[in-house]
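Note sheet for the following structure.
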There are 2 protein chains.
Amino acid sequence: MAARDYGQYCGITQALELVGERWSLLIVRDLLVGPRRYGELAAGLPRIPSNILAARLKELQEAGVIRRAPRSRVIVYELTPYGRELEPVVLALGAWGFKALGEPRDEQIITPAAMTMTLRTAFRPEVAADLPPTSYAAHVGGDGLVIQVDGATLGVTRGDAPVDLAFAAGPVILRLISGELAPERAIATGAVEVLHGRGDLLDRFASTFHLAA
Amino acid sequence: MAARDYGQYCGITQALELVGERWSLLIVRDLLVGPRRYGELAAGLPRIPSNILAARLKELQEAGVIRRAPRSRVIVYELTPYGRELEPVVLALGAWGFKALGEPRDEQIITPAAMTMTLRTAFRPEVAADLPPTSYAAHVGGDGLVIQVDGATLGVTRGDAPVDLAFAAGPVILRLISGELAPERAIATGAVEVLHGRGDLLDRFASTFHLAA
DNA sequence: CTGCATCCGTTCAGATACTG
DNA sequence: CAGTATCTGAACGGATGCAG
């Protein structure tokens with residue numbers, strides 16, 4: 001018996017033995033967005049030491065959660081079907097933790113993957129279904145995300161594209177999603193900077209994406 | 001900034017900072033069954049060192065997940081309303097980990113709290129609704145659980161009471177819930193020992209509680 | 001340059017003993 | 001019974017090295 005074994009025959013202990021180590025679920029979070037290379041994962045988790053990242057990737061492979069896939073000369077890591085079944089867990093955990101987020105501290109960042117998963121969690125298809133299709137470009141921390149809402153369908157991709165509303169913001173963007181920061185106030189105080197398009201579309205953004213705080 | 005901080009402004013990292021430490025979610029799992037004293041928690045987590053249990057209880061209090069409550073001369077720990085909101089997370093994690101459970105190893109045990117949460121996860125109200133009210137007594141590892149199914153309602157309590165079917169089993173009881181062990185075979189091989197009542201009620205048990213493996 | 005491996009100091013977890 | 005104190009080893013964190 002391994003020393004670090006919980007010693008119980010139980011789904012929860014089993015899950016924690018597979019993905020309960022530090023950083024593991026964050027790797028899963030980032031891979032839920034799509035396959036990623038080693039360097040991309042490292043960039044999305046700036047505070048993870050490289051040896052720990054390598055160790056976690058190995059453990060997650062052995063656990064059957066992720067897989068190394070050669071993609072035209074480079075190696076990407078991707079979730080296995082079993083790993084993808086963690087999505088409800090990650091979303092539920094994110095929604096729970098979201099409520100405990102206070103004001104963003106200076107050193108806290110939002111990575112593109114984290115933002116993508118937050119948007120997926122906060123997306124309200126029943127609200128979006130009654131709104132005209134709208135596209136947004138969110139620039140947060142230098143990275144650009146293109147958010148496409150079409151009826152009850154949500155698409156989030158990295159990069160840039162012509163959109164209805166482009167804006168730049170810091171981590172405080174999440175306070176918009178929690179409703180603690182009103183869209184007009186966000187623009188008035190400069191917390192959100194409108195780069196392109198009608199600023200009042202930020203209202204639509206805030207009603208499309210909402211998560212209790 | 002704390003050294004062990006993930007440094008991200010994100011619900012998932014926040015959640016992991018509150019309940020991501022080793023043992024934390026298992027304490028939450030046990031408290032989801034009901035308030036527990038320190039000694040009861042220690043008994044339900046046989047492999048946790050007492051100093052770690054004390055440390056986790058302190059951290060979980062500071063995180064607003066649990067609370068110390070004086071109950072007539074003794075202190076019990078109980079979930080706060082915010083802590084109770086972790087139930088979907090714990091259930092989802094348990095359902096996911098359940099699929100990766102292999103054969104039980106000799107040293108692996110099932111605690112009453114773990115069994116209770118597994119039953120809650122596996123309960124199929126839509127199946128139970130069409131069955132007559134049935135009560136079971138499950139003796140697993142020396143501990144007795146009384147399981148009462150009445151329509152779509154499930155009740156699990158510790159102790160003993162007159163029931164329709166009483167049986168004793170080891171960890172292999174979960175293989176019954178996963179469908180990998182047929183009820184008749186379980187009785188025939190002695191994996192499940194019928195202590196009282198009609199053994200064919202084990203069929204009903206297996207159809208009332210099911211979780212994919 | 002990407003994808004790791006190695007080294008080493010620090011922090012944390014685990015076992016045991018002990019106390020109010 | 002409900003924890004604290006102390007010690008040891010393992011895991012983590014940060015820097016650096018190195019091979020394909």
Side-chain angles (χ1 to χ4, degrees), chain A residues 1-8 13 16-27 30-31 34-63 66-78 107-109, chain B residues 1-8 13 16-28 30-31 34-63 66-78 107-109 113:
Chain A
M1 163 168 49
R4 263 175 83 84
D5 193 324
Y6 289 113
Q8 300 192 5
T13 52
L16 291 175
E17 279 169 12
L18 296 181
V19 297
E21 295 295 302
R22 193 164 161 72
W23 297 107
S24 290
L25 269 183
L26 294 183
I27 295 172
D30 286 8
L31 290 180
R36 289 288 181 270
R37 302 172 54 169
Y38 183 93
E40 295 174 313
L41 287 170
L45 273 7
R47 298 182 56 103
I48 195 175
S50 66
N51 56 346
I52 300 293
L53 176 56
R56 291 294 173 273
L57 290 173
K58 207 164 290 180
E59 294 161 13
L60 289 172
Q61 273 178 78
E62 284 162 11
I66 70 173
R67 137 196 343 142
R68 296 181 71 186
R71 285 286 164 79
S72 64
R73 301 187 55 82
V74 298
I75 286 177
V76 296
Y77 294 89
E78 62 184 14
E107 79 280 5
Q108 290 188 310
I109 60 169
Chain B
M1 163 168 49
R4 262 174 86 83
D5 195 322
Y6 289 114
Q8 301 193 4
T13 52
L16 291 175
E17 280 169 10
L18 296 181
V19 297
E21 296 295 301
R22 196 165 157 72
W23 296 106
S24 289
L25 269 183
L26 293 182
I27 294 172
V28 171
D30 286 10
L31 290 181
R36 291 286 181 271
R37 302 171 56 170
Y38 183 93
E40 295 174 314
L41 288 170
L45 302 166
R47 297 182 55 105
I48 196 177
S50 65
N51 57 344
I52 301 293
L53 176 56
R56 291 295 173 270
L57 289 173
K58 208 164 290 180
E59 295 162 14
L60 288 172
Q61 274 177 77
E62 284 161 12
I66 68 173
R67 136 192 347 140
R68 295 181 72 181
R71 285 286 162 80
S72 63
R73 302 189 55 82
V74 298
I75 286 177
V76 296
Y77 294 89
E78 61 184 14
E107 79 279 6
Q108 289 187 310
I109 60 169

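Proteins come first, then strands; the chains are lettered A, B, ... in the order of their sequence lines, and each starts at number 1.
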- Query: Is there a donor-acceptor pair closer than 3.5 Å between any side-chain N or O of R37(A) and the backbone N or O of I75(A)?
  - Reply: no
Between CD1 of I27(B) and C1' of dG3(D) the distance, given in whole Å, is 14 Å
Does the side chain of Y6(A) get closer than 4.0 angstrom to OP1 or OP2 of dG14(C) through an N or O atom? no
| W23(A) side chain N/O closer than 4.0 Å to the phosphate oxygens (OP1, OP2) of dG13(D)? | yes
Checking dG14(D), dA5(C), dT4(D) against the side chain of R47(A) (C-beta onward), the nearest is dG14(D)
- What does E40(B) touch in the nucleic acid at a heavy-atom separation under 4.0 angstrom: a base, only the sugar-phosphate, or nothing? nothing
Return no unless some side-chain N or O of R22(B) is found under 4.0 Å from OP1 or OP2 of dG14(C). yes
message: Between R36(A) and E78(A) (side chain of the first, backbone of the second, donor and acceptor by atom type, cut-off under 3.5 Å), is there such a pair?
response: no
Has Q8(B) got a side-chain atom pairing as donor or acceptor with G44(A)'s backbone, closer than 3.5 angstrom? yes
Give a yes/no on whether any side-chain N or O of R68(B) is located under 4.0 angstrom from OP1 or OP2 of dG3(D).
yes
Less than 3.5 Å between a donor and an acceptor, one on the side chain of S50(A) and one on the base of dA5(C), is that the case here?
yes
Q) Touch check for L57(B), heavy atoms < 4.0 angstrom, all strands: base, sugar-phosphate only, or nothing? A) nothing
Exercise for the section: Check whether any side-chain nitrogen or oxygen of K58(A) sits under 4.0 Å from OP1 or OP2 of dG3(C), and answer yes or no. Expected result: no
Is there a side-chain contact between R4(B) and the phosphate of dA11(D), meaning an N or O under 4.0 Å from OP1 or OP2? no
**Message:** Closer than 4.0 angstrom, basic N to acidic O: yes or no for R22(B) and E17(A)?
**Reply:** no
- prompt: Hey, is the side chain of N51(A) pairing donor to acceptor with the base of dG14(D) inside 3.5 Å?
  reply: yes
Taking dG3(D), dC4(C), dA13(C) as options, the one with an atom nearest any side-chain atom of R56(B) is dA13(C)
